[in-house]
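Bear in mind the structure is a predicted one, so any value in this text is a computation, not a measurement.
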Amino acid sequence: MRIRTNIEIIGFAFLGCCILLFYFHEGIKLSESLFSDSFLTFNVVFISILLEALPFVLIGVLIAGVIQVFVSEEQMRKLIPRNKLLAIMMSCLVGALFPACECGIVPIVRRLVSKGMPLFAGVGFLLTGPLINPIVIFSTYMAFGEDGRMALLRMVLGLIIALIITSAICILFKHNQLKITKESFRTEAQRMVNLPLLTRLKAMIEHAIDEFFDMGKFLIIGALLAAFVQTYISTRSILALGNGLLGSTLVMMGLAYLLSLCSEADAFIAASFDQILPKTSLLGFLIYGPMLDLKNTIMLLSVFTFRFVITLTILITATVLAILLLVHPLI
């Protein structure tokens with residue numbers, strides 16, 4: 001494990017040095033190199049996506065390290081209500097108070113579920129954390145000209161949709177869907193219980209580093225794909241596919257998935273379509289993207305079983321679309 005981590009650290013460091021060399025060395029002019037303008041745009045978009053996501057991933061892996069080393073299964077069981085309805089509501093409401101993006105929340109949920117949190121409660125946390133945390137709601141309020149209506153709709157409808165999806169997961173999945181078994185996490189956690197505080201702090205940092213490089217490579221793959229879409233696929237050509245309320249809502253949901261924008265900034269993109277598309281379609285963009293996008297799908301596939309991720313994808317897509325179409329007359 002340590003050798004693999006060292007190799008990954010060296011690889012990331014080399015990549016970072018190359019990027020810094022190209023951007024800051026006066027003797028190297030990218031515009032005069034063999035790269036095309038479109039490739040340079042792709043490069044800028046890719047790095048922008050990484051820079052948006054990395055701070056939240058770092059916060060996420062640190063919290064995951066704390067959970068792994070300092071939180072026992074007994075403590076986790078005490079925190080989660082035995083009543084499933086209360087557990088669903090608590091997970092969604094607590095997630096809403098936690099400022100995390102759709103990438104940074106994945107390692108946290110993995111550790112929580114491995115420690116004994118029910119899968120459905122982990123999903124509630126996964127959905128509401130990036131969608132309706134205070135930073136996201138405030139940015140939505142500012143993006144739409146300090147109009148609180150869109151921010152309120154995003155918060156209320158997002159919470160309702162998250163509760164429905166979490167309830168469905170509670171019914172459909174009774175067992176842990178992590179690729180790494182819960183027993184392997186438990187064995188390691190039990191070994192940490194009686195160790196000195198400094199040793200446990202060191203273990204926490206080591207867990208966070210391992211988690212960062214484990215999640216980081218999947219984040220890079222997702223960012224590469226999202227940057228490719230943003231660079232080489234015209235947004236206008238995607239929007240042209242949507243006719244009518246149903247078509248435009250589906251297109252905006254698809255656009256949110258492909259662009260993989262950070263939920264703290266996506267409202268400013270949605271606001272640019274305010275005079276072109278109905279509010280329902282804009283809400284599709286604002287609600288669907290934080291719940292599911294291209295880069296966090298890849299990260300979810302690295303953590304959970306394929307069957308679970310596909311089921312979750314279908315549930316999110318169907319529920320968001322159905323709820324938005326149902327409440328459209330009231331929007």
Roughly how far, to the nearest 0.5 Å, is the CZ atom of Phe213 from the CZ atom of Phe218? 14.0 Å
Any donor-acceptor pair under 3.5 Å linking the side chain of Asn296 with the backbone of Met299? no
Assess, by modelled atom type and distance only, whether the side chains of Thr41 and Thr231 contain a donor and an acceptor separated by less than 3.5 Å. no
I'd like to check the side-chain contact (heavy atoms from CB on, under 4.5 Å) partners of Leu97; sequence neighbours left out, ordered by chain and number. none
To the closest 0.5 Å, what do you measure between CG (Leu112) and CE (Met117)? 4.5 Å
Single-linkage hydrophobic cluster, 4.5 Å side-chain cutoff, Leu62 and Leu54 together: no
Ser91 meets the side-chain contact (heavy atoms from CB on, under 4.5 Å) criterion, sequence neighbours left out, with Ala121, Thr166
Evaluate the ring planes of Phe228 and Phe42, with Trp represented by its six-membered ring, and classify them as parallel (under 30°), tilted (30 to 60°) or perpendicular (over 60°). perpendicular
Are Tyr288 and Met252 side-chain neighbours, meaning at least one heavy-atom pair lies under 4.5 Å? no
Ile49, Ile298: one ILVMFWY side-chain cluster at the under-4.5 Å cut-off? no
Give the cluster check for Ile161 versus Met89: same hydrophobic cluster or not, with ILVMFWY residues linked at side-chain heavy-atom distances below 4.5 Å. yes
Please report, to 0.1 Å, the donor-acceptor pairs under 3.5 Å made by any side chain of residues 125-133, with sequence neighbours excluded.
unit_1	atom_1	unit_2	atom_2	d
Thr128	OG1	Cys92	O	2.9
Thr128	OG1	Ala96	N	3.4
Thr128	OG1	Gly124	O	2.9
Asn133	OD1	Ile135	N	3.0
Asn133	OD1	Val136	N	3.2
Asn133	ND2	Gly129	O	2.7

Shortest non-hydrogen contact from Ala270 to Leu282? O-CD2, 3.5 Å
Taking the side chain as everything from C-beta on, heavy atoms only, tell me whether Thr249 gets closer than 4.5 Å to Phe285. no
Distance check, rounded to the nearest 0.5 Å: Lys279 atom NZ versus Arg149 atom CZ? 7.0 Å
hydrophobic_cluster_shared for Phe273 and Met142, side chain cutoff 4.5 Å: no
Side chains of Met291 and Ile287 in contact at under 4.5 Å (non-hydrogen atoms): yes
Assert yes or no for the condition that the ring centre distance of Phe308 to Phe173 is strictly below 6.0 Å. yes
Between Thr317 and Tyr257, do the side chains contain a donor N or O and an acceptor N or O under 3.5 Å apart? no
When every non-hydrogen atom of Ser281 is compared with those of Leu277, the smallest separation belongs to CB-CB, 4.3 Å
Nearest heavy-atom approach of Ala223 to Lys295 is N-CB, 4.1 Å
Nearest heavy-atom contact between Pro118 and Ile80 is CD-CG2, 3.9 Å
Partners meeting salt bridge (charged side-chain N to carboxylate O under 4.0 Å, His left out) with Asp147 (sequence neighbours left out): none
Taking ring-ring contact (aromatic ring centres under 6.0 Å, His included) as the cut-off, I'd like each qualifying pair that reaches into residues 131-164, sequence neighbours left out, listed once. none
Just so I know, are the side chains of Leu324 and Val320 near enough to count as touching, which here means a heavy-atom distance under 4.5 Å? yes
Just verifying a value: how many Å separate Met155 CE and Leu153 CG, rounded to the nearest 0.5 Å? 9.5 Å
Just so I know, are the side chains of Leu259 and Asp266 near enough to count as touching, which here means a heavy-atom distance under 4.5 Å? no
Check whether any side-chain heavy atom of Ser139 sits under 4.5 Å from a side-chain heavy atom of Phe268, and report yes or no. yes
Apply side chain to side chain contact (heavy atoms under 4.5 Å, CB included) to Leu93 and Leu159, showing your working. CA-CA 8 Å; Leu93 292 174; Leu159 182 59; 4.1 Å; yes
Worked check of side chain to side chain contact (heavy atoms under 4.5 Å, CB included) between Val109 and Val106: CA-CA 5 Å; Val109 171; Val106 175; 6.0 Å; no
Contact between Met150 and Leu283 at the side-chain level, heavy atoms closer than 4.5 Å - yes or no? yes
Tell me, yes or no, whether the heavy-atom count around Met90 atom CE, taken from other residues, nucleotides or ligands under 6.0 Å, exceeds 12. yes
For the OG1 atom of Thr311 and the CZ atom of Phe304, what is their distance to the nearest 0.5 Å? 12.5 Å
Looking at every heavy atom in both Arg154 and Pro290, which two are closest together, and how far apart are they? NH2-CG, 3.3 Å
Identify the two heavy atoms, one from Met215 and one from Ser302, that lie closest to each other, and give their separation to 0.1 Å. CE-OG, 3.6 Å
pair Pro107-His207: side-chain heavy atoms closer than 4.5 Å: no
Pairing residues for Leu325 by the side-chain contact (heavy atoms from CB on, under 4.5 Å) criterion, not counting sequence neighbours: Leu245, Leu246, Leu321
Has Lys179 got a side-chain atom pairing as donor or acceptor with Phe306's backbone, closer than 3.5 angstrom? no
Around atom CG of Leu330, are there more than 12 heavy atoms from other residues, nucleotides or ligands closer than 6.0 Å? yes
Spatial distance of atom CG (Leu292) from atom CG (Leu315) [nearest 0.5 Å]: 11.0 Å
Leu300-Leu294 co-clustered via ILVMFWY side chain contacts under 4.5 Å: yes
